[in-house]
Amino acid sequence: MGQSSYYVPHDTSWWPIIGSVGLTSLVVGASILLNGSGGLGQFMMLAGFVVTIFMMFGWFGLVISESMAGKYSAQVDISFRWSMSWFIFSEVMFFAAFFGALFYARMYSLPWLGGEGSGVMTNEVLWPTFETVWPSNGPAEIGGDYKVMGAWGIPALNTAILLTSGITITWAHHALKANHRGQLIMGLFLTVLLGAVFVGFQAYEYIHAYNDLNLKMTTGIYGSTFFMLTGFHGFHVTMGAIMLAVILVRCMKGHFTPENHFAFEAVAWYWHFVDVVWLGLFIFVYWL
Amino acid sequence: MSTAAPAEHDHHEEHATGLTRWLTTTNHKDIGTLYLWFSFIMFFVGGFMALIIRAELFQPGLQIVDPQFFNSMTTMHALIMIFGAVMPAFVGLANWMIPMMLGAPDMALPRMNNWSFWILPFAFAMLLGTLFMDGGAPAAGWTMYAPLVLQTGDAFPFMIFSIHLMGISSVMGAINIVATILNMRAPGMTLLRMPLFVWTWLITAYLLIAVMPVLAGAVTMLLTDKFFGTSFFNAAGGGDPVMFQHIFWFFGHPEVYILILPAFGIMSQIIPTFARKPLFGYASMVYASASIAFLSFIVWAHHMFTVGMPLAGQLFFMFATMLIAVPTGVKVFNWVATMWRGAMTFETPMLFAISFVILFTIGGFSGLMLAITPADFQYHDSYFVVAHFHYVLVPGAIFAIIAGVYYWLPKWTGRMYSEPLGKLHFWTSMIFMNITFFPMHFVGLAGMPRRIPDYAVQFADFNMIASIGAFGFGFSQLIFLYIVLRAIRTGEPATAQVWEGAHGLEWTLPSPAPYHTFDTPPDPQLIVKEGHS
Ligand SMILES: [Cu+2]
């Protein structure tokens, strides 16, 4: 038998409670801001953001140093793998809520408002002129006239960019396993770059939507689902690109070996996840 | 308060003391204790709100609180009991017991374990803080249906973000439990040798990971509808208020199994111990739990039969819901079969367990009645629904938690509770619980709607009886608090096995369990000897 090989930190850690204080300050500040008290709200949000970032630096720094010190056995590695997998699954379910809203609106809400099935009286009495179409800002045309975001301009380009970044990160992973440092750093660097270009294009698209198309969050159900889905996705791409950049720095410092590089793989999984979500977005938000 | 419990086991290397210990601990037993005390405090806070409700309903007419505050009380009572009392209690029991049951040195990710807990006090401070805000605490019901909930005052964003924080806590806790169960089992602890409490928690953890993010998405859409002009739940913009109900109940129905599956696990530990027989149908219990979890994803619209749904939808959700009675029936059958011809004794945990089997089954039957779509048109939003879910949650989830505390308290503290006082607590709880909730069936069937501060005079007698029962039940829980504190301070020393019929790795450890257990894995032979199959 012998001593368990599993690393259990027998000391204490201040990082979780610091994280709780940071998160709470962030959301209390946001609540105060939303309720209309700007100054205090902004200050608390900023403080909460700084504390949360501080916590992430400290906590991840500690984990990296423990990893470098060889404290994590193969069994600990498996815990990390299960945890990251199920975390990504929870993220999938988070997006599922918004995709659910999109499908429900397109398949049920709008047809019923247009008089289909049991919605016939709703249409007749409330909105007799409304006909079901997609995209739609609803029978009251909330947000006013708008133009639809086309699929085959920037969105198609962004699809190509993300798919390419999926290839470059796989290339980097193979290079890491084959111990080719140059290719690893090049592959990762290209992935970060592609991620940054994606986010830049997305920002340009948003500006275009607001300024030229009059397509806003307030543009009925179309604008709501469009900006909620692409917005949360863009946020996840941004987080993923930051994580990739951290991994790139760690690669340059030589933190990983061909056998032992779970942090790299975790971020790669995450990157593939945002990639797959984007495909869903491209098909159901932009294209069909 | 929380420093009292594990003060006994100090025979260990240096670890922090005082407040620092509890803020920064990474030990699964410390964190389990924190969860359990937090849950206990929230149980009293939520219970106090229930008594405000019952005091107002003691007589028809408006006596004590204004209607807006009454609605705040029903809303906050539910949110606090569900997310603050029952769920943290189960996570606390999981923290204490799962590593010991599996022969593991701790939870898989000890620091994240600390964070899962320490988000909760902040989240509930935010939620309780809304009581003092302009417009009062949330009052649109715990289900937060749009558009009513969008009329909430300053409390609105605080409620939304506190739910986000609770969700983060639950998902991290669930991920930790999954990783622990899948990766930390001692050699020889195969999946089908795991105690059923571990099995039911594994399945519960999957439910949590799958549906808490959906709740987060739903409340995020409420937030943007209120503050950023989106139209998710606004028909004028092409959305639909009913869509909120669909998304909410996609979370909400699995949530009710999150609140009961660990209770099934506790029952499956306690009943064999006091029947002195192995659990009847171990494998079928595992499959039944998994079936219940699977079905829980395809029944959600039984909460919405009256909103206007295509006939095919009503039929599908009715039959799928009734199907759940099959695996649930398997479980009840197995518990009864375990007791059949057992050498039974009736210590406090067993008393609570037996009353669980009977009273939870009553709640299950009223659930079956509610599943019948045309009948539900009559029952919907009546006190019959209130009676139903309190029968599955009070003598269901809460009795199971209480039974688990009596059952494992000697292992945690090394001391026995007072058996006569425990029996007093059981009989008062069980009798007052039925006095409180049984009359609600009658007023509900007679047409009394739920969530109202005033009612027609013909419901007066049964409401008065229910209110008397509620105060009796509430004060009975003070006996529980006294019993626990007394056991910690002056209880008789407990043996390692504690209960004559108890089997499992946790009972091979000394009582109280040392601060660190199974730093070296147990002998696989021991696992086979203590195991089920
Ligand atoms: Cu349900």
Side-chain angles (χ1 to χ4, degrees), chain A residues 1-4 6 8-17 19-21 23-24 27-28 30-31 34-35 59 75 78-79 82-83 86-87 89-91 93-98 100-101 104-105 108-110 112-113 117-118 136-140 142-143 217-218 220-224 227-228, chain B residues 13 15-16 20-21 23-26 105-106 108-111 114-115 118-119 122 126 154 157-158 161 164-165 171 175-176 178-179 182-184 209-214 216-218 221 224 227-232 234-240 243 246-247 250 308 310 516 518-521:
Chain A
M1 285 300 119
Q3 183 75 19
S4 166
Y6 200 90
V8 174
H10 278 199
D11 54 348
T12 58
S13 177
W14 282 98
W15 296 117
I17 192 78
S20 292
V21 171
L23 275 187
T24 305
V27 295
V28 169
S31 301
L34 290 170
N35 282 338
W59 194 336
Q75 198 190 359
I78 294 170
S79 285
W82 279 125
S83 304
W86 291 111
F87 167 66
F89 176 67
S90 77
E91 292 267 54
M93 294 308 292
F94 182 68
F95 276 97
F98 302 120
Y104 188 91
Y108 299 113
S109 307
L110 289 166
W112 286 340
L113 288 167
S118 59
S136 170
N137 56 352
I142 289 184
M217 263 193 117
T218 48
I221 190 67
Y222 175 55
S224 305
F227 282 103
M228 192 69 109
Chain B
E13 83 244 19
H15 51 76
T20 306
R21 169 183 173 185
L23 285 174
T24 63
T25 182
T26 55
D106 205 301
L109 301 161
R111 292 192 193 102
N114 173 301
W115 204 22
W118 271 109
I119 286 176
F122 290 89
M126 275 177 77
D154 281 358
F158 290 92
F161 287 126
H164 279 130
L165 291 183
V171 170
I175 287 174
N176 216 337
V178 169
L182 294 182
N183 189 39
M184 303 288 284
I209 297 170
V211 300
M212 291 307 287
V214 175
M221 286 185 262
T224 58
F227 291 111
F228 300 99
T230 55
S231 299
F232 288 106
N234 175 9
D240 190 344
M243 178 163 85
H246 279 290
I247 300 171
F250 183 83
H516 293 292
F518 296 122
D519 273 342
T520 56

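Keep in mind that the numbers below use all heavy atoms, side chains included, and drop hydrogens, waters and symmetry copies.
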Next item on the list: Evaluate the criterion side-chain contact (heavy atoms from CB on, under 4.5 Å) for residue pair B:M184 and B:D106; output intermediate values, then yes/no.
Entry: CA-CA 8 Å; B:M184 303 288 284; B:D106 205 301; 5.5 Å; no

Next item on the list: For this output row, return yes or no: ring centroids of A:W59 and B:W115 closer than 6.0 angstrom.
Entry: yes

Report yes if some heavy atom in the side chain of [X] is under 4.5 Å from a heavy atom in the side chain of [Y]; otherwise report no.
X      : Y      : value
B:F122 : A:L23  : no
A:W82  : B:N176 : no
A:M228 : B:T224 : yes
B:D240 : A:Y108 : no

Chain B interface, residue from [options] that has the most non-hydrogen pairs under 4.5 Å:
options                       : answer
A:A140, A:G143, A:A30         : A:A140
A:G223, A:S136, A:A96, A:P139 : A:P139
A:S20, A:G220, A:G138         : A:S20
A:S90, A:G19, A:S31, A:A97    : A:S31
A:Y104, A:F95, A:F89          : A:Y104

Heavy-atom distances under 4.5 Å only: say whether [X] touches chain A with side chain, backbone, both or neither.
X      : result
B:H164 : neither
B:F228 : both
B:V214 : both
B:M126 : side chain
B:I209 : both
B:I119 : both
B:M212 : neither

Note to self: Once side chain to side chain contact (heavy atoms under 4.5 Å, CB included) is applied, do any residues pair with A:A105, and if so which ones, sequence neighbours excluded?
What the structure shows: A:S109, A:I221

Under 4.5 Å from any heavy atom of chain B, what part of [X] do you find: side chain, backbone, both or neither?
X      : value
A:M217 : both
A:W112 : side chain
A:L34  : both

Next item on the list: Heavy-atom pairs under 4.5 Å with chain A are the metric here; pick the option from B:A236, B:A218, B:P213, B:P310 that has the most.
Entry: B:A236

Notebook entry, point to check: Taking every heavy-atom pair that is under 4.5 Å apart, which of B:I247, B:L165, B:L182 has the most such pairs with chain A?
Noted result: B:L182

Atom [atom1] of [X] and atom [atom2] of [Y]: how far apart are they, to the nearest 0.5 Å?
X      : Y      : atom1 : atom2 : answer
B:R111 : B:T24  : CZ    : OG1   : 11.5 Å
A:F87  : A:E91  : CZ    : CD    : 4.0 Å
A:W14  : B:N114 : CH2   : CG    : 10.0 Å

Margin query: Between A:S79 and B:N183, do the side chains contain a donor N or O and an acceptor N or O under 3.5 Å apart?
Written below: yes

